Undergrad: 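Quick one: structure below, then a few questions.
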Amino acid sequence: MVSLSTWFRYIAHKLEYSVSLSWKSYKRGQITDREMGDAVWKNLFQGKLTYLHWNKGEEMAPTIGHQGGTLLVRKLPAADPTRVFVGDVVVVKDPQKSDDYLVRRLAAIEGYEMISKDEKEEPFILDKDECWVLADNENLKPKEAKDSRTFGPVPMTDIVGRVIYCLRTAVDHGPVQNSHFSMKKDSPVLEVELDVDEMAKNHKA
């Protein structure tokens, strides 16, 4: 049973998400100021804060198994340093294939100084709204890992969600280790929206 305090925290997260989403639509000119209130209520009562995403590949092992995993991803209305944090596993648009998405760990955000192990490469500082993402699998070479060591910094706006749970097999599943801030923020969402049976049904392995 989900406690009352968890429900309140969950609804607060939902309200924040629907207001952000509606405001985004308003600023883009997709809705008028009169429609704004309706949009907030609609987003609040319909839909979820999470979606399922299948991910395959050894880049994120051991967080996600080599055979792939069904992931529960928390949607983010906008990715900025107040919503995603260094250490989070995120779903980001693939800079090399605009229709695809990569799952990588957020390693640095704007203002961080990046220093290469290769002495020939000059250190640089990440610009505003830029971030650096890395694969978890340390056994892979940078080219195999397909992360920022290959394609460089990515815009924060390309982050669409944070991975909060991973189902590797029917008996091997659990929460994903993210930053302390995010795990605290995501706990009510995980408690209310996690459905392992549903994840198992969608599992492709």
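In this text the structure is predicted, and so the values were computed from the model without any measurement.
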Undergrad: Drop me the distance from F181's CZ to T82's OG1, to the nearest 0.5 angstrom.
TA: 12.0 Å

Undergrad: Working to the nearest 0.5 Å, report the span between OH of Y17 and CG of L44.
TA: 12.0 Å

Undergrad: Does E58 offer a backbone N or O that forms a donor-acceptor pair with the side chain of N137 under 3.5 Å?
TA: yes

Undergrad: In this structure, are over 12 heavy atoms from other groups packed under 6.0 Å from K185 atom NZ?
TA: yes

Undergrad: Short question: side chain of E130, backbone of D127 - any donor-acceptor pair under 3.5 Å?
TA: yes

Undergrad: Taking atom NZ of K75 and atom CG of L49, what is their separation to the nearest 0.5 Å?
TA: 7.0 Å

Undergrad: Can you run down the salt bridge (charged side-chain N to carboxylate O under 4.0 Å, His left out) pairs that involve residues 13-27, sequence neighbours left out, and say none if there aren't any?
TA: E16-R83

Undergrad: Could you walk me through whether V154 and V92 pass side-chain contact (heavy atoms from CB on, under 4.5 Å), step by step?
TA: CA-CA 9 Å; V154 291; V92 62; 4.3 Å; yes

Undergrad: Where is the tightest heavy-atom contact between V86 and A108, given as atom of each residue plus distance?
TA: CG2-CA, 4.0 Å

Undergrad: Considering non-hydrogen atoms only, spot the tightest contact between V89 and N178 and give its length.
TA: N-OD1, 2.7 Å

Undergrad: Minimum heavy-atom separation for M156 and C131, please, with both atom names.
TA: SD-CB, 3.5 Å

Undergrad: For the residue pair F45 and W41, does the interplanar ring angle fall in the parallel (under 30°), tilted (30 to 60°) or perpendicular (over 60°) class?
TA: parallel

Undergrad: Whether the side chain of R104 engages the backbone of A145 through a donor-acceptor N/O pair (distance < 3.5 Å, no angle test) should be reported.
TA: yes

Undergrad: Side chains of L71 and L167, heavy atoms from C-beta outward: is any pair under 4.5 Å?
TA: no

Undergrad: Is it true that L134 and L102 fall in one hydrophobic cluster, defined by side-chain heavy atoms closer than 4.5 Å?
TA: yes

Undergrad: Above 12 or not: heavy atoms from other molecules or residues under 6.0 Å from CD of E122?
TA: no

Undergrad: Side-chain heavy atoms under 4.5 angstrom apart, residues restricted to Ile, Leu, Val, Met, Phe, Trp, Tyr: same cluster for F8 and V2?
TA: no

Undergrad: Less than 3.5 Å apart, which donor and acceptor atoms pair up between the side chains of residues 194-201 and the rest of the protein, not counting sequence neighbours?
TA:
residue	atom	partner	partner atom	Å
D195	OD1	D197	N	3.2
D195	OD1	E198	N	3.1
E198	OE2	N202	ND2	3.3

Undergrad: Does some side-chain heavy atom of L126 sit less than 4.5 Å from a side-chain heavy atom of P153?
TA: yes

Undergrad: What's the separation between atom CD in Q177 and atom CG in D136, rounded to the nearest 0.5 Å?
TA: 10.5 Å

Undergrad: Could you walk me through whether V40 and L15 satisfy the side-chain contact (heavy atoms from CB on, under 4.5 Å) test, starting with their C-alpha distance in whole Å, then the side-chain angles of each, then the deciding distance to 0.1 Å, before giving a yes or no?
TA: CA-CA 8 Å; V40 170; L15 185 61; 4.2 Å; yes

Undergrad: Taking atom CD of E138 as the centre, does the number of heavy atoms from other residues, nucleotides or ligands within less than 6.0 Å exceed 12?
TA: no

Undergrad: Applying a strict under-4.5 Å side-chain criterion to I, L, V, M, F, W and Y, I'd like to know whether W54 and I64 cluster together.
TA: no

Undergrad: Between R9 and S187, is a side-chain hydrogen bond (donor to acceptor under 3.5 Å, both in side chains) present by the stated rule, with each step listed?
TA: CA-CA 9 Å; R9 281 165 64 216; S187 66; 3.0 Å; yes

Undergrad: Can you find a pair of side-chain heavy atoms, one from R74 and one from H13, that are under 4.5 Å apart?
TA: yes

Undergrad: List the atom of F85, the atom of S179, and the distance in Å for their closest heavy-atom pair.
TA: CB-OG, 3.5 Å

Undergrad: What's the spacing between F151 CZ and W132 CH2 if we round to 0.5 Å?
TA: 9.0 Å

Undergrad: Under the side-chain hydrogen bond (donor to acceptor under 3.5 Å, both in side chains) rule, what pairs show up with a residue in residues 155-167, not counting sequence neighbours?
TA: D88-R162, R162-S182, R162-D186, Y165-H173

Undergrad: Check this for me, if you would: do D94 and K146 make a salt bridge, where the nitrogen-to-carboxylate-oxygen distance has to be below 4.0 angstrom?
TA: yes

Undergrad: Decide whether I164 and V192 are clustered together by the hydrophobic rule: side chain heavy atoms of Ile, Leu, Val, Met, Phe, Trp, Tyr closer than 4.5 Å, transitively.
TA: yes

Undergrad: With the 4.5 Å side-chain cut-off for hydrophobic clustering, are M114 and I109 part of the same group?
TA: yes

Undergrad: Report the C-alpha distance between E35 and Y26 in whole Å, list the side-chain angles of each, state the deciding distance to 0.1 Å, and finish with yes or no for side-chain hydrogen bond (donor to acceptor under 3.5 Å, both in side chains).
TA: CA-CA 9 Å; E35 293 167 321; Y26 173 68; over 6 Å; no

Undergrad: Would you call D147 and R149 a salt bridge, using N to O less than 4.0 angstrom?
TA: yes

Undergrad: Roughly how far, to the nearest 0.5 Å, is CG of L52 from OG1 of T50?
TA: 7.0 Å

Undergrad: Write down the atom of A135, the atom of M60, and the distance for their closest heavy-atom approach.
TA: CA-SD, 3.9 Å

Undergrad: Does Y10 form a side-chain contact (heavy atoms from CB on, under 4.5 Å) with E191? I'd like the steps, not just the answer.
TA: CA-CA 9 Å; Y10 171 72; E191 248 187 277; over 6 Å; no

Undergrad: Of the non-hydrogen atoms in V73 and H53, which two are nearest, and what is the gap between them?
TA: CG2-CB, 3.8 Å

Undergrad: Pair V91, I159 - check side-chain contact (heavy atoms from CB on, under 4.5 Å), show working.
TA: CA-CA 6 Å; V91 179; I159 295 174; over 6 Å; no

Undergrad: Could you check whether S25 and S22, counting side-chain N and O atoms only, form a donor-acceptor pair closer than 3.5 Å?
TA: no

